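In what follows, a structure is listed as structure tokens, so that the remarks can point back to it.
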Amino acid sequence: MRKPILEAVGLGKRYGKQAALQGVGFEVYAGEIISVLGPSGCGKSTLLQLIAGLAQPDEGELRMRGAVIANASRSVPPEKRGMNMVFQDYALWPHMSVFDNIAYGLRRQKKAEAVIRSDIAELVRLLHLQGLEDRLPPQLSGGQQQRVAIARALATKPDLLLLDEPLSNLDMRLRIEMRAEMAYLFRRLGTTVFHVTHDPDEAFSMADRIIIMRAGGIDQIDTPQACYRRPATRSAALLLGAGNQLRGRVLRHGEYASLQVDGAEIQGVPPALGAAVRPGEEARVLWRPDAAQWSPDPDCAGEAVELVTSAQAETAAGQDSVRRSNGREAGAAVLAEARSSGGEAAWPLMADTLAEVPKGASALPVRIVHSVFEGGHWRVLARTAEDQSLTFLHEEPLPAGAAGRLLLQAARTFIYRIEEEG
Amino acid sequence: MRKPILEAVGLGKRYGKQAALQGVGFEVYAGEIISVLGPSGCGKSTLLQLIAGLAQPDEGELRMRGAVIANASRSVPPEKRGMNMVFQDYALWPHMSVFDNIAYGLRRQKKAEAVIRSDIAELVRLLHLQGLEDRLPPQLSGGQQQRVAIARALATKPDLLLLDEPLSNLDMRLRIEMRAEMAYLFRRLGTTVFHVTHDPDEAFSMADRIIIMRAGGIDQIDTPQACYRRPATRSAALLLGAGNQLRGRVLRHGEYASLQVDGAEIQGVPPALGAAVRPGEEARVLWRPDAAQWSPDPDCAGEAVELVTSAQAETAAGQDSVRRSNGREAGAAVLAEARSSGGEAAWPLMADTLAEVPKGASALPVRIVHSVFEGGHWRVLARTAEDQSLTFLHEEPLPAGAAGRLLLQAARTFIYRIEEEG
Amino acid sequence: STNNAASGNAEGGGAQAANESTSTTGAGGNAAAAEAGANTAENASANAPKSDEPLVVYLNDFDEIIKPMFEEATGYKLELVTGNGAELASRIEAEKGNPHWDVLWMDAMPMIDQLGKNGQLLENWTPANKEGLTDFAKGLIPASGAYYPTGAHAASVIVYNTKAYDAASAPKTWQELADAKFKDAVGMADPAVAAPAYPFVAWFFQSQGAEAAQGYFESLMKNGLRVYPKNPNVAKALTGGEIKAAALQESNAYTLKAKGEPVDIIWPAEGAPASVRVAAIQKETEHADAAKAFVEFLLDPKTQQALIDQGEESYFEPSAQGVKAKADRAAEAKLVVAEAAWAGEHEGEIKQWFADQAVK
Amino acid sequence: MRALFKQGDRLGWLMLALLVVLILLPLAAVVIQVLLPGVFFGRFALGDLSLLLDIFKRPLWFASLKNSLLLGVGTTVLATLLGGGLAAVRARWAFAGARLLDIAVWLLLVTPSFILAQGWVMFASADGLAASWLGWRWLHDLVFQPAGLIAVMTLSKFPLAYLAIHGALAWKASRLGDAARMSGASPWTAWRTIEAPLLLPAIASGAMLVFVDTVGDFGLPASIATVFRFPTLPYSIYSALYTSPIRFDMAGALSFYLVLLIVFAMLVQLLALRRARFDFLSSRAVKNEPRRPRRGGWLLASGNALFLAAAIGIPLGSNALMSFTGSADAGAGGMTMAHYKALFNENGALLTGLLHSLEIAAGAAIIALLIGFLVAYVLTYSQFKFRRTIDAITLVSLAVPGIVLGIGYIFIWNQAWLEHVGLLLYGTPWILALAGIAGAIPVVTRMITGAMAQVPGQLLAAAQMQGAGFALRLRTILAPLTKGALLSAALTAFGSSVFDLAISSILYPPNYMTLPVVINKAFEDLKFGYAAAATLTGAGLVIIIILVLELIVRPARRTERKTAA
Ligand SMILES: Nc1ncnc2c1ncn2[C@@H]1O[C@H](COP(=O)(O)OP(=O)(O)OP(=O)(O)O)[C@@H](O)[C@H]1O
Ligand SMILES: Nc1ncnc2c1ncn2[C@@H]1O[C@H](COP(=O)(O)OP(=O)(O)OP(=O)(O)O)[C@@H](O)[C@H]1O
Ligand SMILES: [Mg+2]
Ligand SMILES: [Mg+2]
């Protein structure tokens with residue numbers, strides 16, 4: 001079995017009375033890319049500081065290749081740990097040019113000046129910093145500063161690289177490009193990476209495993225797929241995009257649990273951790289806006305269709321009918337396809353017979369509040385019978401006041417106990 | 001007709017020899033929310049600085065309610081402009097508590113201490129900063145600092161609010177929540193907002209109009225929908241997510257132009273600005289990864305199906321068949337639905353007869369390189385016959401080496417002249 | 001003391017004299033050094049490792065000329081530490097555990113007298129040149145022979161600015177300084193800070209009794225007396241016009257006059273309280289021969305004459321007979337001295353009284 | 001950042017040990033005289049502790065304490081305002097004569113205070129230059145009173161505040177000021193509420209230096225306060241030390257009160273800086289470059305000229321006059337270069353003294369810079385338990401008159417047993433170097449701490465992550481970021497120890513004359529012209545050295561800017 005390169009056991013850190021981290025434990029294997037996701041203020045940066053050796057744990061232990069590098073009484077200094085870090089606030093040295101900032105670590109390694117030059121030329125290319133080498137940090141834009149910070153950290157080719165929200169100030173295109181290039185680079189160099197981010201897409205696309213944190217502790221450590229499919233806690237589900245949450249009362253418990261929510265029965269995956277939900281207790285049900293499918297009530301259907309028609313008129317002729325393939329709204333379509341493809345259809349929904357709810361799905365009656373354009377789709381705000389609000393994605397705007405039902409797939413609907421707050 | 005609250009005419013700003021902005025002109029109406037999108041280093045922050053009065057234009061003029069507030073020779077000082085700003089690097093005052101940071105502007109307005117307290121309590125609640133009021137900024141996490149910066153700017157209830165990437169350090173959930181709340185707040189207060197972001201979703205969901213910048217100039221000013229549907233320049237298209245771009249040679253020009261790309265003929269929307277593409281010249285074709293639909297070559301289909309099957313086995317039984325509705329990958333499904341719904345099917349594609357290309361679409365032969373999990377979908381890397389690389393989204397991973405065709409919808413495929421670089 | 005006869009013939013502080021004088025002291029500890037002193041420096045270094053070390057003298061004047069004069073005359077090497085009297089006193093006191101000085105030569109007789117009382121000085125040694133001293137000087141030598149005076153000068157004389165007064169209107173007695181005529185016009189150095197000012201006030205306290213003296217100085221202060229930290233400050237104030245008359249140290253006064261400043265000097269008839277410059281040897285000195293040679297040298301009339309002719313502080317009354325004081329020094333200069341032992345004993349309280357006056 | 005702790009702790013102990021040896025031990029040696037008067041001479045008799053309470057009984061002592069406090073507080077407030085204001089103006093605007101201001105500051109700093117005092121006395125006395133040349137008879141009454149003394153002190157001590165604050169103005173927190181403007185603050189309000197408070201550590205350092213130096217100064221108050229009696233603690237200390245039987249115990253008791261004053265000042269400082277943070281240097285920090293004002297340039301220039309005329313012209317001008325005439329009465333004698341000629345032909349006493357002083361001062365400044373830098377590091381970045389103690393000790397040597405410290409040095413370094421271990425430093429030039437270092441540490445440490453407070457630990461942490469060890473981090477990140485302050489500190493230390501009279505006069509080894517001893521001697525011999533000439537020559541030379549060093553070190557800034565543009 002592989003030996004972990006880094007192990008944390010029961011790490012704790014407090015600032016004054018407030019505990020920023022407690023009982024944090026995990027293992028990282030050589031060459032792995034670990035992404036840390038967690039809400040603002042949950043202790044991600046603090047964790048990186050402990051690993052880097054910039055702060056000392058109050059409790060617990062950190063081991064690197066089996067040797068203790070930090071506990072409450074001792075701490076190997078950062079410069080002896082063979083790591084490097086991109087700081088959330090960059091921490092560029094304002095008195096040094098971009099080149100000198102990047103070259104700093106290489107000079108510490110006593111590299112030849114020619115080697116330094118070529119290494120940096122490479123990094124500058126990778127990070128699109130050409131022509132900025134002689135600038136001072138204050139003469140750069142925010143995104144450029146961030147890229148310099150990344151280049152500086154990459155330059156030393158560390159064993160373990162700590163990245164604190166390294167791409168937060170870059171535009172989407174650059175971010176996607178950079179994360180692909182960085183992931184490729186890390187895999188090629190075999191760099192172990194510990195990567196804090198607030199962008200689930202970034203975590204999914206770069207990470208071998210994801211650590212999901214909440215309030216100073218770890219909620220879940222697993223592969224991106226596993227985290228995506230079954231978030232361990234309500235907080236993890238929220239972080240991973242399940243932005244809709246309703247309260248209800250547990251009806252049944254089993255492989256799927258079900259909840260009485262504002263009159264409707266909603267099926268979903270029960271929590272993986274902790275005690276099972278018991279019938280009768282209050283619980284929450286969460287799902288991603290893109291996991292629900294809108295189906296208008298028959299009597300409103302005409303209205304809905306009309307709006308769709310007017311929306312069509314609004315766009316360039318002929319484009320609209322295919323415009324919908326854009327995105328996350330396509331639940332119904334998928335189902336339709338599933339049916340038409342003749343496979344073992346789990347959800348035999350008829351597009352025209354809306355009263356029928358497919359197996360493995362639940363229907364939630366809602367009323368539309370309003371719709372917001374979001375690029376490939378519209379985000380629709382709606383309310384349940386008892387005024388809990390929720391959003392879902394739809395290919396077209398829906399008229400305010402329209403009534404209908406949202407079809408939720410049990411496998412993509414998550415149920416959590418109330419006390420698992422956070 | 002409404003009068004603009006802010007007008008910019010031919011604004012230019014240089015740092016030494018380098019022009020950070022040139023020829024920038026636009027109008028902002030009272031109560032509008034304008035989002036500025038642009039690649040890193042294109043001059044967004046510089047533009048905000050000019051509007052704020054923190055820098056003086058070298059050329060051009062800024063008018064507020066018709067009165068000149070800045071040109072090359074004069075400049076109304078920032079504090080007299082009735083604006084406020086969230087800085088990209090927050091610029092919190094390290095010697096003041098969170099409370100005092102937020103209260104600063106109110107104190108300048110000589111508000112009563114009781115009013116200040118209640119105003120701040122409100123802001124603190126809005127920005128989830130409860131309990132942090134007495135901390136000093138260096139004792140906050142990055143995201144908390146950013147929220148304090150937002151609270152400080154909101155506190156003075158400015159006529160015009162300048163936001164420089166205000167949500168970049170927040171987790172997705174908070175970001176979505178905040179942008180909804182802020183948009184609501186701004187609309188309620190009638191605040192005019194000038195909002196720099198690198199997140200197209202943020203721009204789409206908050207903005208009345210979007211300004212797309214490139215290299216110190218403006219490429220496009222339009223409503224979110226219009227920008228999304230027809231990005232004016234290649235750079236705009238890239239910014240708005242059209243991350244695939246291939247080179248080809250123009251075949252035909254008309255309502256849709258077409259391009260010869262690595263042997264295939266691709267149809268797309270010709271550029272809205274500048275000269276039309278001429279047959280024979282080189283051009284680029286761009287599209288969003290989620291706008292393409294994969295269809296495997298018949299001889300490879302078995303292999304693809306097998307992989308899908310094994311992927312199903314990997315997940316909890318019964319879940320997988322509905323898992324696909326998640327997202328941007330659903331092109332095929334949409335089409336299938338379109339067909340089955342019996343409407344005026346623009347794209348009568350048979351899922352089993354792959355050789356047939358629907359009207360208004362083009363087929364591009366590609367070979368799969370590898371697939372990366374991205375949450376609701378997989379991002380698949382592929383190459384064309386002549387080794388240009390591209391990505392598309394698919395509901396399942398595809399086996400490396402598989403050959404097939406990507407179906408591109410002409411209305412969502414954009415063609416630009418080569419010289420419109422950037 | 002019986003030893004002085006042995007070197008009675010010696011004039012100057014020759015090595016010869018030093019040899020003879022020590023050989024008769026019987027101070028065994030000094031025998032080796034004594035021998036070394038008799039020989040050349042090279043020889044000496046072979047016998048006693050310390051003997052080629054220089055003699056260290058702490059002094060507050062004459063540092064420019066005394067070193068070459070002495071080295072030339074005797075062959076001993078000399079090293080000097082110069083400073084103002086108070087600083088040197090502190091330094092000496094601080095060094096008490098491990099003194100670095102061999103000889104003190106300062107115009108701080110009460111302080112040195114106290115050192116003698118505390119047993120820090122070499123006693124019971126009589127320099128050959130003692131006989132050649134004036135009666136006035138002989139009267140100042142303590143019974144223990146711990147120090148010998150090399151000269152005396154007025155700690156204060158009355159000096160006035162000739163632009164303000166003429167010979168007629170100028171103050172002529174100490175008492176007159178308290179006269180309303182001289183309100184806000186008189187200055188002096190602070191006895192609490194300036195070393196030479198102490199002998200001046202000490203004489204008043206001893207001769208008139210504490211109460212009368214305090215009354216006198218209080219009346220001066222009521223009359224607007226300005227008290228400067230040191231004598232040079234007084235001198236500057238006088239020439240600068242800040243004050244018009246002052247009780248100023250004699251040498252300072254004559255220096256001013258010699259430089260052509262518009263001042264004149266008055267020697268009060270009742271006498272000018274004197275500051276006596278004395279030389280004393282450290283008890284544990286390792287360079288006793290050189291030290292004795294140095295004291296002999298200082299008591300030598302030729303040396304004193306040279307100091308008067310070439311020295312910086314040349315205005316003083318020599319302690320050796322047959323030495324002529326500076327030509328422009330007043331002939332009728334009458335010096336009065338507070339008894340050293342008394343002045344030493346009461347120094348603390350008198351200075352304290354003055355320091356406390358600063359508050360009022 | 002917090003992890004700089006461990007290192008900080010080790011370094012903290014080292015620095016504490018060094019400071020104890022250099023400063024605290026000598027002082028303690030004097031103060032302990034109260035408890036055990038004979039301890040260094042092998043007597044272990046218990047002293048009279050009630051001496052410590054005598055401050056409330058003896059009128060002189062009590063008045064001294066009161067006066068010292070009044071003088072200290074008054075001068076601190078005024079000099080900090082003056083120095084801070086000048087530094088702010090100088091850092092913000094370029095104007096004619098700005099360079100002169102720098103020179104003037106150095107001149108004031110290196111010139112011994114008794115010389116400055118003399119200049120003021122010559123100028124303002126009843127028949128002084130002001131009265132005789134300008135007919136300003138009123139000036140006399142204005143100057144010779146407590147308020148006048150405070151004014152003169154202010155004009156002499158403001159350079160300490162100026163340099164401490166100017167050093168910290170090297171970097172601009174412009175983004176933070178911008179944020180204030182956006183919130184509706186006028187430039188002045190922004191300066192008042194954001195920029196100035198961010199300088200608080202430097203301002204506090206400057207104020208502290210002024211306070212401590214004022215409270216510890218003997219020469220200036222003693223010379224000015226002749227007309228009105230105004231005894232201060234140093235005065236009482238002098239009178240205790242200059243009274244035989246010499247009362248080290250009294251000096252010790254009084255020094256103890258000086259130390260209490262420091263503690264008092266530090267408490268005030270602690271209160272002022274409580275809980276706040278001042279580390280604003282980020283990737284956005286830019287170097288401060290003085291700009292030409294749009295309007296009112298001439299106003300600044302002439303204001304500056306006027307100010308210099310008072311602060312420099314009066315004290316040094318009078319001395320200069322003295323050096324050419326040998327007399328305060330300018331009319332007499334006429335001009336002569338004789339005094340300057342005399343400097344170089346009297347068998348070179350002055351020259352060797354000067355060389356000795358420069359040697360000692362240079363060595364002391366360099367070592368003090370090193371120590372001060374490390375001490376500032378401990379104070380700024382570590383959580384070392386005894387940080388406050390270190391902080392307090394660094395100030396002691398400025399407050400306690402040099403002579404007290406000198407005596408302490410004798411006690412400590414003149415113990416017979418040291419000879420056997422080869423450490424009998426008393427009587428060798430080493431003792432002067434040690435004392436010089438001790439004397440320079442307060443200034444150096446304060447100035448550096450003020451600037452260091454601006455540098456966030458994050459910037460050091462970043463270097464650490466790049467593999468830079470402790471020394472390297474300091475050398476490549478911290479030192480360059482605080483360069484301005486380091487230079488000021490070193491030059492101040494150098495300049496002021498060249499003329500550090502009190503210490504060298506009590507400690508100088510036989511035949512090792514130093515410049516201040518030579519000057520003081522000339523002064524005591526009433527060779528005023530010579531003394532003035534020697535002072536001005538020495539000061540001039542020191543200034544030239546300082547300016548040359550500045551020129552060598554500072555232009556890096558200009559080239560940096562060039563590559564940036
Ligand atoms: N120096 C400090 N003193 C007191 N509390 C602190 C300090 N630094 C951080 N904290 C608190 O500790 C908690 C964890 O902070 P940390 O910076 O690790 O959060 P984070 O997960 O990185 O958040 P973000 O995503 O917003 O950057 C936060 O609540 C923060 O307020
Ligand atoms: N002080 C300066 N000196 C020289 N160049 C500068 C300075 N400030 C900014 N620039 C340059 O001007 C350009 C525009 O900078 P700006 O900060 O406006 O970019 P931005 O659009 O805000 O980028 P980002 O999204 O990365 O924050 C950049 O290329 C930057 O390098
Ligand atoms: Mg963080
Ligand atoms: Mg920016």
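All of these numbers come straight from a predicted model, not from anything done at the bench.
- Each of B:Ser45, B:Ser40, B:Cys42 was scored for a side chain to side chain contact (heavy atoms under 4.5 Å, CB included) with A:Ser141, with one residue passing: B:Ser40.
- Side-chain contact check for B:Gln225 versus A:Trp378: some heavy-atom pair is nearer than 4.5 Å.
- Under the 4.5 Å side-chain criterion, counting only non-hydrogen atoms from C-beta, A:Arg135 is in contact with B:Gln18.
- Interface remark: of the candidates A:Gly243, A:Gly241, A:Pro200, A:Pro200 forms the most heavy-atom pairs closer than 4.5 Å to chain B.
- Rounding to the nearest 0.5 angstrom, the gap separating the CE atom in B:Met172 from the CD atom in A:Glu202 is 12.5 Å.
- Screening A:Asp171, A:Leu170, A:Leu167 for a side chain to side chain contact (heavy atoms under 4.5 Å, CB included) involving B:His198 leaves a single residue, A:Asp171.
- The part of B:Glu165 that comes within reach of chain A is its side chain, from C-beta onward, which places non-hydrogen atoms under 4.5 angstrom from that chain.
- The side-chain heavy atoms of B:Tyr228 and A:Glu374, taken from C-beta on, include no pair separated by under 4.5 Å.
- The part of B:Arg175 that comes within reach of chain A is its side chain, from C-beta onward, which places non-hydrogen atoms under 4.5 angstrom from that chain.
- For the set A:Ser205, A:Gly143, A:Ala207, the entry with the most heavy-atom pairs within less than 4.5 Å of chain B is A:Ser205.
- Residue B:Leu174 holds its CG atom at 11.0 Å from CG of A:Leu238, rounded to the nearest 0.5 Å.
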A:Arg379 vs B:Ile176, side-chain contact (heavy atoms from CB on, under 4.5 Å): CA-CA, chis, key distance, verdict: CA-CA 11 Å; A:Arg379 182 176 293 266; B:Ile176 291 177; 4.2 Å; yes

